[in-house]
Amino acid sequence: MLELLLSQYEFQFGTPFPLEKFTDTTEIDLINILYNCVQNNDPDYTKPAGENRFPYAPGQKG
């Protein structure tokens with residue numbers, strides 16, 4: 001899913017997502033940030049992603 005969201009972000013906003021700024025971020029948090037950007041058509045990745053939209057993803061407490 002992460003790879004798909006990274007591709008969608010670049011396609012939608014015309015610039016790659018700055019993944020290097022998120023080296024200390026968990027994958028699920030990164031997925032939520034990207035999902036929020038893509039869903040809201042807003043490239044601002046500094047806004048809080050809000051709730052975890054994928055609480056039942058593998059490795060998550062459900």
Problem - Single-linkage hydrophobic cluster I31~L19, side-chain heavy atoms < 4.5 angstrom - result: yes
Problem - Co-membership, hydrophobic cluster, residues L4 and Y9, 4.5 Å side-chain - result: no
To the nearest 0.5 Å, tell me how far [X] [atom1] sits from [Y] [atom2].
X   : Y   : atom1 : atom2 : value
I33 : T46 : CD1   : OG1   : 9.5 Å
L34 : E3  : CG    : CD    : 10.5 Å
N52 : I28 : CG    : CD1   : 5.0 Å
F13 : D44 : CZ    : CG    : 10.0 Å

Handout entry: Output field: ring centroids F17/F22 closer than 6.0 Å
Key = yes
Exercise for the section: Check side-chain contact (heavy atoms from CB on, under 4.5 Å) between Q12 and all other residues, then give those that pass, not counting sequence neighbours. Expected result: Q8, V38, N41
Practice task
Please check if the side chain of N36 supplies one atom and the backbone of N32 the other of a donor-acceptor pair under 3.5 Å.
Solution key: no
Problem - Atom CD of E20 with >12 non-hydrogen neighbours under 6.0 angstrom - result: yes
